[in-house]
Peer 1: 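This is the structure, below, for whatever I ask next.
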Amino acid sequence: ARVATANRSSGQIFISLHNDWNKNSYVEGTSVHFYKSQDLALAEALQNSLVAQIDSIDLGVMRSNFYVLRNTNMPAALVEIGFLSNQKEAALLAEPTYRVAVARGLFAGIKEYFRVAR
C-alpha cells in the first residue's frame, strides 16, 4: 500500500523509516538501504546527515532487495534509525528530543540530496 500511494503521488523521493532488531542486544547504529543506482545519492545523503546529527554508529549504506525500494518510481531509501533490541538506543528512541534530532538529521540529508541533485 505504501508503494502504491507513493507512486500515485507527486513526491520526488520516498523514505521509509524503521527501527532495527538484532538477537545480539549489543548491536547498535544507523544504516540506510537503497536498491536502484538512482537511489544511492539519496541513501548516502541521509546516512551522512543522520549519523552526524544523532552521533550514531555508522553501519553504512547498503544495497538491499526490499519491496518498497524495488517498486517505487522515484528515488527511494529505507532508513534503519537504531536498534530497539539495544537498551541504550531503545531508550533514546523513546525520547521526544531524540526523535526531533532524528527528524533534523533526515531533513538535512534531504536538503543535501536536492542541493547536489540540481
Peer 1: Holding to salt bridge (Lys or Arg N to Asp or Glu O under 4.0 Å), I want the full list of residues that pass it with E28, two or more places apart in sequence or in another chain.
Peer 2: K88
Peer 1: I'd like to know if I54 and V32 are part of one continuous hydrophobic network [Ile/Leu/Val/Met/Phe/Trp/Tyr, side-chain heavy atoms within less than 4.5 Å].
Peer 2: yes
Peer 1: Check the hydrophobic clustering (I, L, V, M, F, W, Y; side-chain heavy atoms under 4.5 Å; chains of links allowed) and say if L40 and I13 are grouped together.
Peer 2: no
Peer 1: May I ask you to check whether over 12 heavy atoms, not counting those of R99, lie within 6.0 Å of atom CZ?
Peer 2: yes
Peer 1: Show me the pairs that pass side-chain hydrogen bond (donor to acceptor under 3.5 Å, both in side chains) and involve residues 69-82, at least two apart or across chains.
Peer 2: N7-N73, N65-R70
Peer 1: Would you please test L17 and V102 for side-chain contact (heavy atoms from CB on, under 4.5 Å) and show each step?
Peer 2: CA-CA 10 Å; L17 303 178; V102 168; over 6 Å; no
Peer 1: Return yes if some donor-acceptor pair links the side-chain N/O of N48 with the main-chain N/O of A45 below 3.5 Å, else return no.
Peer 2: no
Peer 1: If you link I, L, V, M, F, W and Y whenever their side-chain heavy atoms are under 4.5 Å apart, who else ends up in the same group as F66?
Peer 2: V3, F14, Y35, Y67, V68, L69, M74, L78
Peer 1: Could you check whether any side-chain heavy atom of M62 comes within less than 4.5 Å of a side-chain heavy atom of S31, counting everything from C-beta outward?
Peer 2: yes
Peer 1: So if you build clusters from Ile, Leu, Val, Met, Phe, Trp, Tyr with side-chain heavy-atom gaps below 4.5 Å, do F34 and L42 land together?
Peer 2: no
Peer 1: Just wondering, are more than 12 heavy atoms of other shown residues or ligands nearer than 6.0 Å to CD in Q38?
Peer 2: yes
Peer 1: Does any non-hydrogen side-chain atom of Y113 lie less than 4.5 Å from one of E44?
Peer 2: no
Peer 1: Closest heavy-atom contact between E89 and G29?
Peer 2: OE2-N, 2.8 Å
Peer 1: Is any side-chain heavy atom of S25 closer than 4.5 Å to one of N86?
Peer 2: no
Peer 1: I'd like to check the salt bridge (Lys or Arg N to Asp or Glu O under 4.0 Å) partners of E112; sequence neighbours left out, ordered by chain and number.
Peer 2: R115
Peer 1: Got L59 and T30 here, is their nearest side-chain heavy-atom distance under 4.5 Å?
Peer 2: no
Peer 1: Taking all atoms of both residues into account, what is the closest heavy-atom pair of A43 and A77, and its distance?
Peer 2: CA-CB, 4.3 Å
Peer 1: Tell me every residue that passes side chain to side chain contact (heavy atoms under 4.5 Å, CB included) with D58, counting only those two or more places apart in sequence or in another chain.
Peer 2: Q47, V51
Peer 1: Shortest non-hydrogen contact from A108 to S49?
Peer 2: C-OG, 3.6 Å
Peer 1: Can you tell me how far CD1 of I81 sits from CG of L92, rounded to the nearest 0.5 angstrom?
Peer 2: 12.0 Å
Peer 1: Would you please test D20 and L84 for side-chain contact (heavy atoms from CB on, under 4.5 Å) and show each step?
Peer 2: CA-CA 6 Å; D20 220 336; L84 292 175; over 6 Å; no
Peer 1: What are the two closest heavy atoms between P96 and A94, and how far apart are they?
Peer 2: CD-O, 3.5 Å
Peer 1: Is there a donor-acceptor pair closer than 3.5 Å between any side-chain N or O of R63 and the backbone N or O of H33?
Peer 2: no
Peer 1: Quick check on the hydrophobic clustering: are W21 and L93 connected, directly or via other members, by side-chain heavy-atom contacts under 4.5 Å?
Peer 2: yes
Peer 1: Assess whether side-chain contact (heavy atoms from CB on, under 4.5 Å) is satisfied between S85 and K23, documenting all intermediate values.
Peer 2: CA-CA 7 Å; S85 52; K23 60 184 169 185; over 6 Å; no
Peer 1: With sequence neighbours excluded, tell me which residues meet ring pair (Phe, Tyr, Trp, His ring centres under 6.0 Å) with Y98.
Peer 2: none
